[in-house]
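Report on the following structure.
The shown structure was predicted, so the numbers you read here are calculated from the model rather than taken from an experiment. Order of the sequence lines fixes the chain letters, A, B, ..., with proteins taken first and strands second; residue numbering starts at 1 for each chain.
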2 protein chains.
Amino acid sequence: MKIATWNVNSIRTRLPHTTDWLKTTSVDVLCLQETKVVDEKFPRDAFTEIGYHAAIFGQPSYNGVAIISREPLSDVSRGFAPILGDRVAEFDQQKRVITGIIGDLRVVNLYVPNGSAVGSEKYIYKLRWLEVLHDYLKALMLEPNHLLVCGDFNIALEDIDIHDPTGRVNQVMATDLERVALQVILRLGLADVFRKFVKDGGHFSWWDYRSAAFRRDLGWRIDHIYLSPDLYEKAIACAIDKAPRKLEQPSDHTPVIVEF
Amino acid sequence: MKIATWNVNSIRTRLPHTTDWLKTTSVDVLCLQETKVVDEKFPRDAFTEIGYHAAIFGQPSYNGVAIISREPLSDVSRGFAPILGDRVAEFDQQKRVITGIIGDLRVVNLYVPNGSAVGSEKYIYKLRWLEVLHDYLKALMLEPNHLLVCGDFNIALEDIDIHDPTGRVNQVMATDLERVALQVILRLGLADVFRKFVKDGGHFSWWDYRSAAFRRDLGWRIDHIYLSPDLYEKAIACAIDKAPRKLEQPSDHTPVIVEF
DNA sequence: GGCGAGCTGG
DNA sequence: CCAGCTCGCC
């Protein structure tokens, strides 16, 4: 059983990359972020043709998440409100959360806000969003299922997750406030499965399009897979597949895969 | 001596096509229309590197003309107002006219308004613009130089210049009013040099991007080269080069070349 | 409908 | 650097 997360930065532009990758890698579940397309225009057929189902939650231009899976998902829910009620409805205007159940496993797929610049409106929104995410995951953890929470977190948890942590306290995606917000969430009982297998730094999942960042390996590890305790024990591998980032017209992110 | 006219539909997008074509065709003067770029962003260096000068008159997004030449132009003037005075200044807001002298030859490069739909505001503007052009060329013909007037005229002079002239009287680029306006200009003493060499129809310089018009050869001959009488006598060839229209990401127009 | 530029977001 | 959008042109 293999489950992956990949911010594709437009599923329509990256459709051949995505289906090619599914065919060669044969993961069972692929969580996509930044699909950037309304549900009516999501290229569902391309996934059906190669034997996958798609649960989608999109909007025009921005954000958008989807779970591609060999087995159909049950109990799919989109956004925070179905779990937390209308008090959080404002956070569902941006389509960043989708979840569903496969067997005894709940998969949560997230596209955490980027935060723009430290102290900006968007940065405040990101921190508030993470608080809501805490309540959301707390609720889901009451279920009997195993829990896998993955996606583009737009946060580098440790300094070794950044190519150059100099001045990180002023850099969005690495400030103390963001890290603490995420650590509070993890204290609910989730662990970064990549770190079960890889202890050193220099492993990245995102490289800016600008300044030839990929060629110079100036990356960040901001795409994560978090597991509930017993699932964490069962994991036998977790890796970043850099190959898709080397293709023509790549996404700026590359997939992370966990295997059980 | 070879002189060409080509509506490139954005010089930045078509820069490789344009410089490649100059290198293989080695024309002495190339008149460009729809450069779609302000002068500060015009890719002058690309032409300098291959041995050409550039006289430019552009604006952001729309219109824009340029004359690319092996020898530098003298007496360059941009727009109608330098010749006709401020009464026509309103017509220079759109950058559609540039002229300069090489040896004993004045080259006038035009991007005639398209006219949108018959009877529209833009159609009226086109007819008024053609009246101003008449006065402009009348003034230039007082000079002792030979005169070459070329560009995208957005007018098919004869029915044989349209793939299907059915209902042309209601079609912009082929109405009687436009044709007469152009014929009045030509009566100043200018002749279509393409017709010195080619008498039959079915020769086009523009094919709409839509409906696979190029593949089906549904074109129009709207890019012209007009010459003063003694120059007309000296012309030894005039041809449309369809090759650039067959490239990847082509302009919707293709070059017309006259040789002396 | 096919395209390009300029804009906004990352 | 790249994505999609909005706009205007043809």
Side-chain angles (χ1 to χ4, degrees), chain A residues 7-15 17 33-38 41 58-64 94 96 111-117 120-123 125-126 152 154 171-173 206-216 218 220 222-223 245 247-253, chain B residues 7-15 17 33-38 41-42 58-64 94 96 111-118 120-123 125-126 152-156 171-174 205-215 218-220 222-223 245 248-253:
Chain A
N7 179 323
V8 285
N9 188 13
S10 166
I11 187 56
R12 285 178 294 180
T13 301
R14 231 68 64 195
L15 186 59
H17 286 18
Q33 303 89 38
E34 283 206 89
T35 52
K36 291 188 174 178
V37 66
V38 283
K41 294 184 187 171
Q59 68 182 88
S61 291
Y62 307 114
N63 313 310
Q94 299 180 18
R96 299 179 172 276
Y111 175 49
V112 177
N114 168 278
S116 189
S120 67
E121 281 285 343
K122 293 195 171 75
Y123 181 79
Y125 180 84
K126 180 179 192 171
D152 175 359
N154 272 316
Q171 278 197 277
V172 76
M173 301 201 296
W206 171 78
W207 299 261
D208 201 312
Y209 282 124
R210 290 162 280 192
S211 332
F214 183 66
R215 188 181 51 73
R216 299 156 67 199
L218 306 180
W220 294 59
I222 56 178
D223 300 274
R245 182 64 238 240
L247 299 172
E248 289 290 302
Q249 277 215 347
S251 166
D252 45 350
H253 296 251
Chain B
N7 179 324
V8 285
N9 189 13
S10 167
I11 187 56
R12 284 178 293 181
T13 301
R14 232 68 63 196
L15 187 59
H17 285 19
Q33 302 90 38
E34 284 206 87
T35 53
K36 291 187 174 179
V37 66
V38 283
K41 293 185 186 170
F42 188 96
Q59 68 182 88
S61 292
Y62 308 115
N63 312 311
Q94 299 181 18
R96 298 179 172 275
Y111 175 49
V112 178
N114 168 276
S116 189
V118 177
S120 67
E121 281 285 342
K122 292 195 171 74
Y123 181 77
Y125 180 85
K126 180 180 192 172
D152 175 0
F153 283 77
N154 273 316
I155 297 173
Q171 278 197 278
V172 78
M173 301 201 294
S205 64
W206 172 78
W207 298 262
D208 201 313
Y209 282 123
R210 291 163 281 189
S211 334
F214 184 66
R215 189 181 52 71
L218 307 180
W220 295 58
I222 57 178
D223 300 273
R245 182 63 239 242
E248 290 290 301
Q249 277 216 347
S251 167
D252 44 351
H253 296 250

Can B/Asn9 and B/Lys36 be counted as having a side-chain donor-acceptor contact under 3.5 angstrom? yes

Judged by modelled atom types alone, do B/Gln33 and B/Asp152 share a side-chain donor-acceptor pair under 3.5 Å? no

Determine: side-chain N/O of B/Ser10 to OP1/OP2 of C/dA5, distance under 4.0 Å, yes or no. yes

Does B/Thr13 have a side-chain nitrogen or oxygen under 4.0 Å from the phosphate oxygens OP1 or OP2 of C/dA5? yes

Rounding to a whole Å, what distance do you find between [X]:[atom1] and [N]:[atom2]?
X        : N      : atom1 : atom2 : result
A/Arg14  : C/dG10 : CZ    : P     : 16 Å
B/Met173 : D/dC9  : CE    : C1'   : 12 Å
B/Tyr62  : C/dC3  : OH    : P     : 17 Å
B/Asn7   : D/dC9  : CG    : C1'   : 11 Å
B/Asn63  : D/dC10 : CG    : C1'   : 12 Å
B/Phe153 : D/dC10 : CZ    : C1'   : 18 Å
B/Leu15  : C/dA5  : CG    : C1'   : 16 Å
A/His253 : C/dG10 : NE2   : C1'   : 8 Å

Working to the nearest 0.5 Å, report the span between CG of B/Asp223 and NE2 of B/His253. 5.5 Å

Atom OG1 of A/Thr35 and atom CD of A/Gln59: how far apart are they, to the nearest 0.5 Å? 8.0 Å

Closest-nucleotide ordering on DNA chain D, the 5'-leading residue of A/Arg12 and B/Ser116: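 The 5'-side residue here is A/Arg12.
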
Go nucleotide by nucleotide along DNA chain D from the 5' end; which of A/Ser61 and B/Asp252 gets its closest nucleotide reached first? A/Ser61

When we call it a touch if two heavy atoms are under 4.0 Å apart, what does B/Tyr209 touch: a base, just sugar-phosphate, or nothing? sugar-phosphate

Identify whether any heavy atom of B/Tyr111 sits under 4.0 Å from a base atom; if not, whether one sits that close to sugar-phosphate; answer base, sugar-phosphate or nothing.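 If one applies the 4.0 Å heavy-atom cut-off, B/Tyr111 turns out to touch the sugar-phosphate alone, with no base involved.
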
Mutual orientation of the aromatic rings belonging to A/Phe214 and A/Trp207 [parallel < 30°, tilted 30-60°, perpendicular > 60°]: perpendicular

Is a donor-acceptor pair below 3.5 Å formed from side chain B/Arg210 to base C/dG2, judging by atom type as modelled? no

Of all the choices, D/dC10, C/dG10, D/dA3, which nucleotide is nearest to the side chain of B/Trp206 once you look at every atom?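 Side chain of B/Trp206 sits closest to D/dC10.
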
